[in-house]
Each structure stands twice: as structure tokens, then as C-alpha cells.
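Data block below; observations after.
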2 protein chains.
Amino acid sequence: MKRNKQERQKLLQSTIEGTPFITDEELAKRFGVSVQTIRLDRLELSIPELRERIKHVAQQQLDTVKALPLEEVIGEMIDLQLDEAAISILDIQREHVFSRTKIARGHHLFAQANSLAVAVINDELALTASANIRFTRQVKEGERVIAKARVVSIEEARTTVEVTSYVDKEAVFSGEFIMYRSTGE
Amino acid sequence: MKRNKQERQKLLQSTIEGTPFITDEELAKRFGVSVQTIRLDRLELSIPELRERIKHVAQQQLDTVKALPLEEVIGEMIDLQLDEAAISILDIQREHVFSRTKIARGHHLFAQANSLAVAVINDELALTASANIRFTRQVKEGERVIAKARVVSIEEARTTVEVTSYVDKEAVFSGEFIMYRSTGE
DNA sequence: ACTACTATTAGTACCAGCTCTTAAAAAAGG
DNA sequence: CCTTTTTTAAGAGCTGGTACTAATAGTAGT
């Protein structure tokens with residue numbers, strides 16, 4: 001049953017990926033084989049033992065806890081002149097793309113632009129009222145998106161912000177954001 | 001040496017908090033006491049053992065990773081008729097709102113609508129080409145947003161999808177998404 | 001000095017969840 | 001049938017502990 005082994009190992013891999021906190025014993029029960037077989041499989045697939053897996057996950061947490069401020073701004077703000085202009089950078093990583101095509105999902109580019117539009121407003125409250133956006137080129141995993149926001153008009157309670165995002169000087173996204181603002185409330 | 005004990009326990013607490021991946025043995029060396037003393041201290045301070053500590057940290061990581069937008073669809077899909085219509089639900093929680101005002105950030109509503117527009121397309125590849133959106137009412141933490149997508153026209157390589165999102169039958173967001181589609185590639 | 005008490009250390013048995021090794025049984029293929 | 005692959009078993013050893021018992025050191029009270 002060569003087939004069975006291969007299939008089991010594939011399943012094993014994805015099972016452990018999905019639920020890394022699983023012991024060999026539980027896996028053995030789930031697949032209807034002995035614990036030894038599971039261990040052989042892990043050996044062949046170079047999957048570390050439970051404790052190592054847990055440690056690894058925890059290590060990531062320790063590493064990223066300080067890097068992830070659950071930001072108000074999506075991407076890294078590198079320039080900000082209130083009511084005038086702002087620039088932010090977003091590195092497209094695995095979590096931003098469709099797993100199949102590796103193309104960035106639109107809402108991440110939107111999020112970067114939108115949060116930049118919010119940040120550039122020099123007021124207590126800034127909310128997006130409407131937006132008109134275009135995705136002009138696909139962005140792939142690994143690319144760095146630079147979003148540039150420019151305030152084009154300030155009216156009573158509305159501000160218009162234009163955001164264009166680039167990868168290597170090439171425009172990939174552009175949008176006009178009508179922002180609602182109010183000092184009170 | 002009552003004092004010494006108290007001081008050691010305080011130090012122990014902060015040491016473990018700072019570097020949770022430390023064994024009792026290492027701690028014993030660091031404080032110049034026996035391993036048993038460290039264990040007594042942990043017992044008195046209700047500090048769990050190394051493995052439990054690692055597990056705890058990892059568990060947090062796993063929780064946040066799974067809560068983050070790793071999903072292909074933002075929100076929970078509750079109805080899907082390909083190339084026709086789709087409905088999804090998104091509960092607005094703390095991570096979706098501005099911490100100060102508790103108002104949902106626009107890009108989350110956009111993300112829900114956009115990913116719904118992508119999902120309703122019956123094709124290999126579906127990308128947002130452009131969108132025209134309006135935020136018609138603020139959405140607050142705790143509210144449930146129901147997004148309804150409707151395919152309005154299918155052309156050569158473009159499909160137009162209209163998405164309107166509601167909270168309690170009241171429209172909070174609406175958008176027209178021009179989607180690029182292609183069976184090949 | 002004797003006693004009481006706390007703090008520390010030591011030692012033993014046990015546990016989960018493994019690794020590593022040797023070996024035998026079972027299944028599949030030629 | 002024999003060979004090879006796959007699976008299972010059995011045993012020793014490891015880490016980092018828990019739980020429990022007991023001995024020892026130090027300190028204070030009377």
C-alpha cells in the first residue's frame with residue numbers, strides 16, 4: 001500500500017499544520033495506525049516533536065509581540081505632514097496574498113491607502129465617507145508598496161484625499177477618498 | 001533570612017516574566033540555590049512549569065493567528081450562488097474599531113465586501129479592478145454587518161458586482177466593484 | 001542550652017512525550 | 001516463493017518536570 005502511506009503522510013503534514021498541538025498518540029488513533037508508524041512518518045517528513053512545535057510557535061509570538069502594535073495605520077508611516085501629504089510603506093507578505101496566485105488581495109492595498117487617508121487628516125475624528133478606487137496592476141508577494149497620500153481639498157466637514165500606491169515607481173493602486181471630519185463629538 | 005527569600009521570589013517572578021523559556025536548573029544556578037528551592041518558590045508563587053509556560057505563549061499566538069485575516073473570505077459566508085449573489089456576516093469586534101471612538105475602520109467593511117465580491121465570481125481568477133464605495137452610516141463595536149452581493153453584469157473579462165452592507169436592515173455601506181476575471185492563467 | 005520554627009536541600013518514585021536502536025511480523029511486489 | 005517495503009513492538013534513555021518524605025541548617029524565643 002504505497003499509496004496509503006503517501007496519502008497518510010500528506011494528511012499528517014496538513015493535520016499537524018492545522019492543529020500543531022497534537023501528540024503522536026492522538027495522531028495514531030486518528031489514522032488508525034500505531035504510534036511507531038506516526039513517528040517514522042514524522043522522521044521521514046522532518047516534522048519535529050510536539051514540544052518543539054509548541055516552542056517554535058511560542059518563539060514566533062515572542063518575536064512578533066513587540067513588532068505588532070495592532071496598528072492604527074496599516075503599513076509603516078515614513079512621512080506625515082498633517083492636512084497636506086503622507087507616505088507609508090507596506091511589504092506584501094504571505095498573509096496578504098491569495099494562497100493560490102500569490103497576488104495581493106485588494107483589501108490590503110485599500111487598507112493601507114485608507115488608513116493613510118485617515119492619518120493625514122488633522123482632526124479628532126476622521127472617517128471615510130466614500131471612495132473611488134482603481135487597482136492598476138497586480139501586486140505579488142515580496143513586493144514593497146509605497147502609498148502616497150495628498151490632500152486635494154478641504155471643505156466644511158469634508159476633505160478629499162488622493163492616494164496613489166507604487167511598486168518600484170509603477171502605480172499599482174489609486175483612489176480618491178472623501179473623508180468626513182469633525183473636531184467636536 | 002526571610003528577606004533573602006522574599007527578594008529571591010520577586011526576582012524569580014520578574015526573571016520568568018522576562019525570559020519565560022528558562023528551566024528550573026538554570027534559575028537555580030542564577031540564584032545560587034538548589035533546584036528544589038526554585039521549585040518550592042514556583043509552587044508558592046503559583047508559577048507553572050516551563051512547558052506550561054511555553055504552551056501558554058504558543059496558545060496566544062495560535063489564537064491571534066487564527067483570528068487574523070488569514071481567511072480567504074472576511075466574515076462568515078452564509079449564502080453563495082455563483083455568478084449571482086452571496087451573503088456574509090461580520091461581527092464588529094474590538095480589533096475592527098478605532099480604539100478611541102469604537103467606530104469600525106472603513107477598510108474592514110471594505111474587506112468584507114471586497115472578499116464577498118471575489119467569492120461570488122465563478123472563475124479561477126478574480127481580482128478587483130476598481131470600486132466605487134460609500135460609507136453611509138458609522139458602524140460601532142458589537143454590531144453585526146450583513147453584506148449582500150449581487151452580480152449585475154457579466155462581460156468579456158469583467159464582472160460588475162454590487163455589494164450593500166446592512167446593520168439591522170439599515171444600509172451602512174454600499175459599493176460597486178468592477179472585477180477582473182479569467183479562466184486561464 | 002534547649003526548643004520551635006522556617007528555610008533549604010536531598011532523595012526517591014513517578015509522569016508525558018518523546019529519541020534511538022534492535023528486531024520481528026505483516027503486506028506487497030517481483 | 002523470496003525479497004523488499006511497511007508496520008508494529010519492545011526496551012533503554014532523555015528532559016523537565018510533580019509529589020512526597022525526610023534530613024539539615026539557621027535563627028529566634030524563653
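In what follows, chains are A, B, ... by sequence order, proteins preceding strands, each numbered from 1.
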* Asked: Where does the angle between the aromatic ring planes of F110(B) and F110(A) fall among parallel (under 30°), tilted (30 to 60°) and perpendicular (over 60°)?
  ->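 Because their plane-to-plane angle is under 30°, the rings of F110(B) and F110(A) count as parallel.
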* Asked: Thinking salt bridges, do D24(B) and R30(B) make one under a 4.0 Å N-O criterion?
  ->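 Judged by the 4.0 Å cut-off on N to carboxylate O distance, D24(B) and R30(B) do not form a salt bridge.
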* Contacts to DNA chain D from residues 41-48 of chain A, heavy-atom cutoff under 4.0 Å, which residues? ->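 Nucleic-acid contacts, sorted: none.
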* Asked: Just by distance, with hydrogens left out, do Q9(A) and E44(A) show a side-chain donor and acceptor under 3.5 Å apart?
  ->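 Indeed, the side chains of Q9(A) and E44(A) share at least one donor-acceptor pair under 3.5 Å.
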* To do: Establish, from distance only, whether the side-chain atoms of T23(B) and E26(B) form a donor-acceptor pair under 3.5 Å.
  =>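 Looking only at side-chain atoms, E26(B) and T23(B) do form a donor-acceptor pair, the distance falling under 3.5 Å.
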* Over how many whole Å does the gap from E49(A) atom CD to dG16(D) atom P extend? ->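 E49(A) atom CD is separated from dG16(D) atom P by 11 Å.
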Which pairs, protein N/O on one side and nucleotides 21-25 of chain C N/O on the other, fall under 3.5 Å?
none

* **Of V33(B) and R39(A), the one whose closest DNA chain C nucleotide lies more 5'** =>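 Comparing both residues, the 5'-ward one is V33(B).
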* To do: Would you please name every residue forming a side chain to side chain contact (heavy atoms under 4.5 Å, CB included) with L80(B), sequence neighbours left out?
  =>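 Partners of L80(B) under the side chain to side chain contact (heavy atoms under 4.5 Å, CB included) test: M77(B), L82(B), A86(B), V120(B).
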* Does L40(A) or I22(B) map to a spot on DNA chain D nearer the 5' end, using the closest nucleotide for each? ->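 Checking each residue's closest nucleotide, the 5'-ward one belongs to L40(A).
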* Presence of S34(B) side-chain N/O under 4.0 Å of dT9(C) phosphate oxygens OP1/OP2 ->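 Checking dT9(C) against S34(B), a side-chain N or O does come within under 4.0 Å of OP1 or OP2.
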Would you mind writing out the side-chain donor-acceptor pairs for residues 125-135 of chain A within the sub-3.5 Å range, not counting sequence neighbours?
{"unit_1": "T128(A)", "atom_1": "OG1", "unit_2": "N114(A)", "atom_2": "OD1", "d": "2.5"}
{"unit_1": "R134(A)", "atom_1": "NH2", "unit_2": "S174(A)", "atom_2": "OG", "d": "3.2"}

* Evaluate the side-chain proximity of E141(B) to R94(B): yes if any heavy-atom separation is below 4.5 Å, no if none is. =>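 Yes; the side chains approach each other to less than 4.5 Å.
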Pairs: protein N or O with nucleotides 11-16 of chain C N or O, under 3.5 Å:
{"unit_1": "dA16(C)", "atom_1": "N3", "unit_2": "R51(A)", "atom_2": "NH2", "d": "2.9"}

* When you measure from the side chain of L50(B), which nucleotide among dG16(D), dT8(D), dT9(C) comes out closest? ->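 For the L50(B) side chain, the nearest candidate turns out to be dG16(D).
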* To do: Note the angle between the end axes of the helix from dA1(C)-dT30(D) to dG30(C)-dC1(D), five pairs defining each, rounded to 10 degrees.
  =>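 End-to-end axis angle: 10°.
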* Remember a base hit wins even if backbone is also touched, and classify V35(A) as base, sugar-phosphate or nothing at under 4.0 Å, heavy atoms. =>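 Result for V35(A) = nothing.
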